[in-house]
Structures are given as structure tokens and as C-alpha cells.
Number of protein chains: 2
Amino acid sequence: MNPDDRREAIIAATLAVMQRQGIAATTVRDVAAELGASSGLIHHYMTSMDELIAEAFERSAGADLLTTSNLVEQGRDPIEQMRFFFDSYTRSDGDSGMQLWLDAWAEAARRPELRQISQRLNKAWQQLICSIIEGGVRAGLMTCLDPVAAAWRILSLLDGLHLQEVAHSDSVTGAQVTKWSRRGAEIELGLPLGTLTEREPS
Amino acid sequence: MNPDDRREAIIAATLAVMQRQGIAATTVRDVAAELGASSGLIHHYMTSMDELIAEAFERSAGADLLTTSNLVEQGRDPIEQMRFFFDSYTRSDGDSGMQLWLDAWAEAARRPELRQISQRLNKAWQQLICSIIEGGVRAGLMTCLDPVAAAWRILSLLDGLHLQEVAHSDSVTGAQVTKWSRRGAEIELGLPLGTLTEREPS
DNA sequence: GACGCTATTGCGCAAATGTCCAATAATCAC
DNA sequence: GTGATTATTGGACATTTGCGCAATAGCGTC
């Protein structure tokens, strides 16, 4: 098998195991079984388990960010961009990608490589929101005294609500996360009630 | 040593190790070393490691909730109660109790006992906030159409910001968590800027 | 002081994990 | 075909983990 393809296959298998069992419970042997290969092969391509986990997480989370970023770009005004942002963010959560983020945050204290990646990606998410808000304020569509703080608040609100949904599914449901987070952003940005309500995909 | 006291000592030692190393990295041997006793002793009092961890977490997190709850009760009006809430919540985080919560949320999916505890406590936190808001609305001091949703938002915002602080300390600082979360609650509840600003302890 | 109960010890066991390595299979240039 | 290079195997190894258990120490009662 082509070395590049093999490397990709290993990362894909690692991601599958991580999503199924969580980061902390992902072992070399599990990845090998998922891949249908031997455990030695993984170490032939990856120097350590930490590197493998970090790379798989980056691949997955980075792709989500790119998807959302691209969708936001297609919004014709800041309001629509923000709506697209929420549409994409709450959808990408469907395949339990949020459990990965929870694991990553918890493990960040103990795995420096993972920490660096999650920090960089979270900053990128915040900047994406921030640029939407700045556009909205410039266009007179949103009211916000401190876009940097507001962007961190919107991101943290989303993460905090998703966290409840993933950890305690009968406390907060997915529908509530969608509704409550959008309403929170409306309040934060001085938008009329319903401005950011989810639209039916056309 | 008195069995009851010994049990408490074991839980206290477990908590110390958990706060230092995180839940996932807490081992029987570490607890024994912290306690200055043998590993066998722990199993003489606790049926399993999971039970021990769950009990230690409940003890710690439950105490934090009680502290905050008591402080809030001393507020003479809903505004002051909310201010006391933020004072207490952001202070109790000082001794890295938040890393424990991060671990608990991440592990909740895989440890039913832990999940039950964290879910119950999170609900209690939300209800505490909710009752303050309801009082504030009744007294005409706050504006809020949906106190239940608002309480979940304030709690999630706090958790989400704290999460960033704990996981990526150079992205979001403790001072920013304090400032941004209070400002967020002011916006959420229609309060004038600065209403919830931290007061100097008299 | 002897006895009995229990707290406490310290080691051993089996399972799991990351890492490494010698042996083997596959592939390709000539 | 032959040899060289490399992908791949499968298991060895050291370490760590939760847990159990026989032996010991401490302490109150008679």
C-alpha cells in the first residue's frame, strides 16, 4: 500500500476508534484491529501514540472548522452568515464530534501536543465569530460594544450547552441547544427575537 | 484509627490527588502514598476505584455548591444575590476545581455513577441561578422572557469560559472569565453595564 | 498477660498498554 | 530469476493498573 495512503488510513481508523471509545480509551491495538492490520505497523508510521491521537483529532476538528468557515463565506450579509454559522455548528455535532472536544479539553492539561491543537482551533473559531460580528456592527445590523468578548461568549455558550447535551443527555436536548444558543446570540447582539432561528434547508 | 475518620481521610486524600493529577490519572497507589498508608487499606474501605472517585468528586463539588448557595441566600435583593453567585463561582475555581469538572464531564459518558452525580449537581446549579432570575423578574429588577433558558445560558457561559481558561490558559485568563461572564449576564438580564461588576471584599 | 477482633500491611497476580525488534512477505529494478 | 529495499507481521518486554489475600500489628476485654 502507498505510504501516504496508509498513513491516511491509520489516521482514519484512529478517528473511528476515538469517536467510538473516547480519546483516553483509544489504544494502539484497537486502532490496529479497526485497520485490520498489526499493531507494529502503526508505530512504523507514527513515532508515538500521542502524536497519532493529536493528528487524528486535528484532522477531524480542522475539517469541521473548514466546513463551517466555507459555509459562512456564502452568507450574503452578516445576519445570514451568523445563521449559517449556527446551522453548521449545531449540525457537525451530530456525529458525536463534541465528545471528542470534551476529551480533548480534559486531556489538554496532560498532553501538550493535543493542547496546542485544541487551543489553536478554538482561537480560530472565536475569530470566525468575531469577524462576523465586526461585519454586522459595521453594517449597522448588530449592536456590540466588545466584539472580541462577545465572540468568546457565543463560542463558550455553544460549547457549554453542547457539553451538557453530551454529558447529560436528559438534562439538555439537542433541540434546546439549538434554540437557546441562537436566542442567546440574538440577545448578545441586539437582534430581534427569531432573527437567527434555524431555517429549513431549501 | 476510627473507621469513619479513616474513610473520610481516604476520600480527602483521593480528592487531593484528583485535583493534582486529574480524575483519569488518579491511581490507588497515588492515593495510598498521599494518605501515607498501604494500597490494600483503600480496598478495605472502598469496594472499587470507580466508587472512590465518584464519592470524592461528589464531596468536593457538592461542597462548592453548598458554599455558593449559602452565600447567595445572604444577598438582600436578586441583584446582590447574582453578584454573590458570580463572586463565589469564580473564586471556587481558584483551586483548579474546574479541571475536575472537565474530567467528570468527559468521563460521564463512560462512568454511569459519575454521570449521575455531575448531572444532578449541574441541574442544582441551574436551579439556583433560575430562582435568582425569577426573583429578579418578580421584583422588576431584571428582564427575562425565559428564566429556565437564561439560567442554562448563564451556567453554560460560565462553564464554557472556565473551560477555555483551564484548557488553554493563555487564550482566556481568569480575569477575562470574571469580566466577560458578568457582562454576559448583564446583557442577558437587561441590566445596566457594571451592575454585576466584582466588588472588593469589605 | 492472654485472647480475639479488626485495622493494616505488603506483596503477588492477571490484565492491559506503549514501544521496540527480529523475522517475513511483498515489490521492484536490473 | 535475483537481489535489494521496504512494508508488514507477531510477539517480547517493561511498566502500570485494579484487586485480592495471607500475614502482621494494634488494641480493647477479660
Side-chain angles (χ1 to χ4, degrees), chain A residues 1-58 103-104 106-115 117, chain B residues 1-58 103-104 106-107 109-115:
Chain A
M1 194 170 186
N2 185 320
D4 285 347
D5 292 348
R6 174 60 80 190
R7 216 184 134 83
E8 287 306 308
I10 290 175
I11 291 174
T14 306
L15 196 51
V17 176
M18 279 168 61
Q19 284 175 337
R20 192 185 329 125
Q21 309 180 350
I23 290 183
T26 296
T27 74
V28 181
R29 285 164 179 80
D30 290 337
V31 174
E34 176 78 25
L35 192 64
S38 70
S39 71
L41 188 61
I42 277 97
H43 278 93
H44 190 254
Y45 287 91
M46 304 287 168
T47 59
S48 78
M49 194 63 195
D50 276 17
E51 178 206 328
L52 176 55
I53 285 175
E55 193 141 354
F57 174 73
E58 182 174 29
D103 288 344
E107 296 261 328
R110 292 175 283 278
R111 305 202 202 215
E113 300 157 349
L114 198 58
R115 172 204 177 99
I117 291 168
Chain B
M1 195 171 185
N2 185 320
D4 285 347
D5 292 348
R6 174 60 79 188
R7 215 184 136 82
E8 286 306 307
I10 290 176
I11 291 174
T14 306
L15 196 51
V17 175
M18 279 168 61
Q19 283 175 339
R20 193 186 327 126
Q21 309 179 350
I23 290 183
T26 297
T27 73
V28 182
R29 285 166 179 80
D30 290 337
V31 174
E34 176 77 24
L35 191 64
S38 70
S39 72
L41 188 61
I42 277 96
H43 279 96
H44 190 254
Y45 286 91
M46 304 288 167
T47 58
S48 78
M49 194 62 195
D50 276 15
E51 179 205 329
L52 176 56
I53 284 175
E55 193 142 354
F57 174 73
E58 183 174 29
D103 289 343
E107 299 257 330
R110 292 175 285 277
R111 301 202 204 212
E113 301 157 348
L114 202 56
R115 173 203 177 97

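Just so we're on the same page: letters track the sequence lines, and every chain starts at 1.
Among dG20(D), dT9(D), dT9(C), the nucleotide with an atom closest to any side-chain atom of A37(A) is dT9(D). Among the nucleotides dG18(D), dT9(C), dG11(D), the one closest to any side-chain atom of S39(A) is dG11(D). When each of dT8(D), dA7(D), dT8(C) is scored by its nearest atom to the side-chain atoms of S38(A), the top-ranked nucleotide is dT8(D).
Rounded to the nearest 0.5 angstrom, Y45(B) OH and D4(B) CG are separated by 9.0 Å. Distance check: Q19(A) CD to D103(A) CG gives 11.0 Å after rounding to the nearest 0.5 Å. Interatomic distance, CD1 of I23(B) versus CZ of R111(B), reported as 7.0 Å (0.5 Å rounding).
Under the 4.5 Å side-chain criterion, counting only non-hydrogen atoms from C-beta, V17(A) is not in contact with R29(A). Using a 4.5 Å heavy-atom threshold, the side chains of R6(A) and L41(A) count as touching.
Nucleotide dT27(C) holds its C1' atom 13 Å from the CG atom of N2(A), rounded to whole Å. Between the C1' atom of dA7(D) and the CZ atom of R7(A) lies a distance of 15 Å, rounded to the nearest Å. The CD atom of Q21(A) sits 13 Å away from the P atom of dA16(C) (whole-angstrom rounding). Remark: P of dT9(C) and NE2 of H44(B) are 11 Å apart, rounded to the nearest angstrom. Rounded to whole Å, the distance from CG on L41(B) to P on dC11(C) is 16 Å. Across the protein-nucleic acid pair, L35(A) atom CG and dT8(D) atom C1' stand 11 Å apart, rounded to whole Å. Taking atom NE2 on H43(B) and atom C1' on dG18(D), their separation rounds to 5 Å, with Å as the unit.
With the nearest nucleotide of DNA chain C identified for both G40(A) and T27(A), T27(A) has the one nearer the 5' end.
Under a 3.5 Å cut-off, the side chain of T47(A) and the backbone N or O of H43(A) do not form any donor-acceptor pair.
Near DNA chain D, meaning a heavy atom under 4.0 Å from it, residues 45-53 of chain B has S48(B), M49(B) in order of number.
Close to dT8(C), at under 4.0 Å from its OP1 or OP2, lies a side-chain N or O of R6(B).
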What verdict does the side chain to side chain contact (heavy atoms under 4.5 Å, CB included) test give for L114(A) and D50(A), after you've listed the backbone C-alpha separation in whole Å, the side-chain angles of each residue and the deciding distance to 0.1 Å? CA-CA 8 Å; L114(A) 198 58; D50(A) 276 17; over 6 Å; no
